[in-house]
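Quick caveat, the model's predicted, so the values are computed rather than measured.
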Amino acid sequence: MEDSSKIPVHVSIIMDGNGRWAKERGKERFYGHIEGVESVRACTEEAARKGVRYLSLFAFSEENWNRPDEEVRSLMELMVKAMTNELPTFLKNGIRFIVLGNRERLGDALNARIDDCMRRTENQTGLTLIVFMSYSGRWDILQAAKRLALEASADPSRASEIGNMTLTDFSLYMVTSGIPDPDLIIRTSGELRLSNYLLWQGAYSELYFTDVLWPDFRKEEFDLALAEYAKRDRRYGKVK
């Protein structure tokens with residue numbers, strides 16, 4: 001029997017390698033993104049089956065806006081289509097769906113689809129699926145600081161309160177407020193960096209890197225990452 005105490009509460013994945021996967025097969029980059037949707041589905045199903053409570057996916061970074069316009073436009077259209085197609089599955093399986101990031105940069109059609117999916121799944125009690133779109137760790141910290149500064153300027157009497165603010169207090173200003181920090185961050189495709197992702201929240205996350213390209217990362221690869229996590233000794237700077 002699997003030890004439930006060894007199952008991470010929150011698994012986060014940097015989904016990387018779609019373009020390379022497509023290039024290896026002589027296809028356009030977009031075909032890799034399409035196949036990557038199947039990996040999202042497979043990992044979501046396996047996370048729910050294993051008892052993971054939160055699965056978050058780095059789908060589109062702030063830096064990705066610098067990609068060619070055609071690729072960005074195709075990605076946005078794919079995300080709208082994927083959310084439309086997956087909503088019945090979310091509702092059937094009790095999955096709560098959340099999108100986090102700088103949504104002001106997303107188009108009206110995508111934001112409307114996001115709002116609809118989030119509203120219709122907000123009371124689901126199973127796995128919470130979080131998709132980070134137009135997100136970066138530095139942006140997240142900056143927007144939190146800006147929100148705090150605006151509050152302070154609007155009410156100077158809070159100066160002493162803010163001066164005594166703890167790390168936990170400040171984390172409430174991050175877009176992930178109310179969501180536990182990731183226990184495990186997985187990155188596919190052989191890259192060994194976080195790429196400006198969850199810089200605050202991932203301070204004590206276990207990191208798992210694999211050479212497998214995202215479109216090939218399915219149930220078996222997800223289980224391998226969980227098995228590796230179960231071997232880790234998480235000390236959080238303490239001595240055991």
Minimum side-chain heavy-atom gap [X]-[Y] below 4.5 Å:
X    : Y    : value
L55  : L127 : yes
L110 : M83  : yes
R53  : T128 : no
V11  : L226 : yes
P215 : N18  : yes
C43  : R218 : no
I130 : I179 : yes
F60  : V72  : yes

Examine distances only and state if a side-chain atom of [X] and a backbone atom of [Y] form a donor-acceptor pair shorter than 3.5 Å.
X    : Y    : value
S153 : L150 : yes
T121 : Q124 : no
T188 : M15  : no
N164 : E161 : no
H10  : P180 : yes
S39  : W214 : yes
N196 : S136 : no

Just checking E24: does its CD atom have more than 12 heavy atoms from other residues, nucleotides or ligands closer to it than 6.0 angstrom?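 Enclosed.
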Please say whether more than 12 non-hydrogen atoms of neighbouring residues, nucleotides or ligands are located less than 6.0 Å from CD in E228.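 Enclosed: over 12 neighbouring heavy atoms sit under 6.0 Å from CD of E228.
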Residue pair W139, V175: steps toward the side-chain contact (heavy atoms from CB on, under 4.5 Å) verdict: CA-CA 10 Å; W139 166 83; V175 296; 3.8 Å; yes
Once salt bridge (Lys or Arg N to Asp or Glu O under 4.0 Å) is applied, do any residues pair with E62, and if so which ones, sequence neighbours excluded?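 If we apply the salt bridge (Lys or Arg N to Asp or Glu O under 4.0 Å) test to E62, skipping adjacent residues, the hits are R105.
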Who passes salt bridge (Lys or Arg N to Asp or Glu O under 4.0 Å) against E86, sequence neighbours left out?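 If we apply the salt bridge (Lys or Arg N to Asp or Glu O under 4.0 Å) test to E86, skipping adjacent residues, the hits are R41.
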With sequence neighbours left out, which residue pairs that include part of [range] fulfil the salt bridge (Lys or Arg N to Asp or Glu O under 4.0 Å) condition?
range            : value
residues 188-200 : R20-E191, E191-R193
residues 196-216 : R25-D216, E206-R232, E206-R234
residues 111-135 : R103-D115, R113-D116, D116-R119, D116-R120
residues 132-157 : E151-R158

Let me check something: do [X] and [Y] share a hydrophobic cluster, defined by ILVMFWY side-chain heavy atoms less than 4.5 Å apart, either directly or through other members?
X    : Y    : value
L142 : L100 : no
I13  : L199 : no
Y135 : M118 : yes
L198 : I141 : no

Within 45° cone and under 6.0 Å: K27 NZ/CZ vs Y31 ring: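 Judged by the rule, K27 and Y31 form a cation-pi pair.
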Residue from P8, S205, S12 passing side chain to side chain contact (heavy atoms under 4.5 Å, CB included) with D183: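 Option passing the side chain to side chain contact (heavy atoms under 4.5 Å, CB included) with D183: P8.
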Reported [atom1]-to-[atom2] distance for the pair [X] and [Y], which is rounded to 0.5 angstrom:
X    : Y    : atom1 : atom2 : answer
M76  : M79  : CE    : CE    : 5.0 Å
I186 : T210 : CD1   : OG1   : 9.0 Å
S160 : M165 : OG    : CE    : 11.5 Å
I95  : T89  : CD1   : OG1   : 7.5 Å
K50  : E45  : NZ    : CD    : 14.0 Å
C117 : I98  : SG    : CD1   : 12.5 Å

side-chain contact (heavy atoms from CB on, under 4.5 Å) between K219 and R49, intermediate numbers included: CA-CA 10 Å; K219 172 184 177 296; R49 191 182 74 82; 4.1 Å; yes
Can you sort out the partners of L194 under side chain to side chain contact (heavy atoms under 4.5 Å, CB included), two or more places apart, ordered by chain and number?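 L194: side chain to side chain contact (heavy atoms under 4.5 Å, CB included) contacts with I14, I185, L207.
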With clusters built from Ile, Leu, Val, Met, Phe, Trp and Tyr whose side-chain heavy atoms come within less than 4.5 Å, directly or transitively, what are the remaining members of the cluster of W21, listed by chain and number?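 The other cluster members (ILVMFWY side chains, heavy atoms under 4.5 Å, direct or chained) are L213.
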Which ILVMFWY residues can you reach from V37 by hopping between side chains whose heavy atoms are under 4.5 Å apart?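 Other cluster members: F30, I34, L78.
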Kindly indicate, with the supporting measurements, whether the criterion side-chain contact (heavy atoms from CB on, under 4.5 Å) is fulfilled by E71 and L75. CA-CA 6 Å; E71 181 175 357; L75 274 170; 4.3 Å; yes
Derivation and outcome, side-chain contact (heavy atoms from CB on, under 4.5 Å), residues Y204 and D181: CA-CA 8 Å; Y204 277 99; D181 292 341; over 6 Å; no
Can you run down the ring pair (Phe, Tyr, Trp, His ring centres under 6.0 Å) pairs that involve residues 140-180, sequence neighbours left out, and say none if there aren't any?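 Residue pairs with at least one partner in residues 140-180: F170-W200.
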Give me each pair satisfying ring pair (Phe, Tyr, Trp, His ring centres under 6.0 Å) with a member in residues 101-121, each pair once, sequence neighbours excluded.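 Sorted result for residues 101-121: empty, none.
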Checking side-chain polar atoms at under 3.5 Å, does R187 have a donor or acceptor matched by the opposite partner on S195?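 Present: a donor and an acceptor within the cut-off.
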Going by atom types alone, do S189 and D16 pair a side-chain donor with an acceptor below 3.5 Å?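 Distance-only check passes for S189 and D16.
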What is the minimum heavy-atom distance between Q143 and M174, and which atoms define it?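 Answer, listing the atom of Q143 first, then M174: NE2-CA, 3.7 Å.
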Of all the heavy-atom pairs spanning A152 and I162, show the shortest one and how long it is.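 For A152 versus I162, the nearest heavy atoms are CB-CD1, 3.5 Å.
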What residues, two or more places apart in sequence or in another chain, satisfy ring-ring contact (aromatic ring centres under 6.0 Å, His included) together with Y197?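 Partners of Y197 by the ring-ring contact (aromatic ring centres under 6.0 Å, His included) criterion, ordered by chain and then number, come out as F58, F132.
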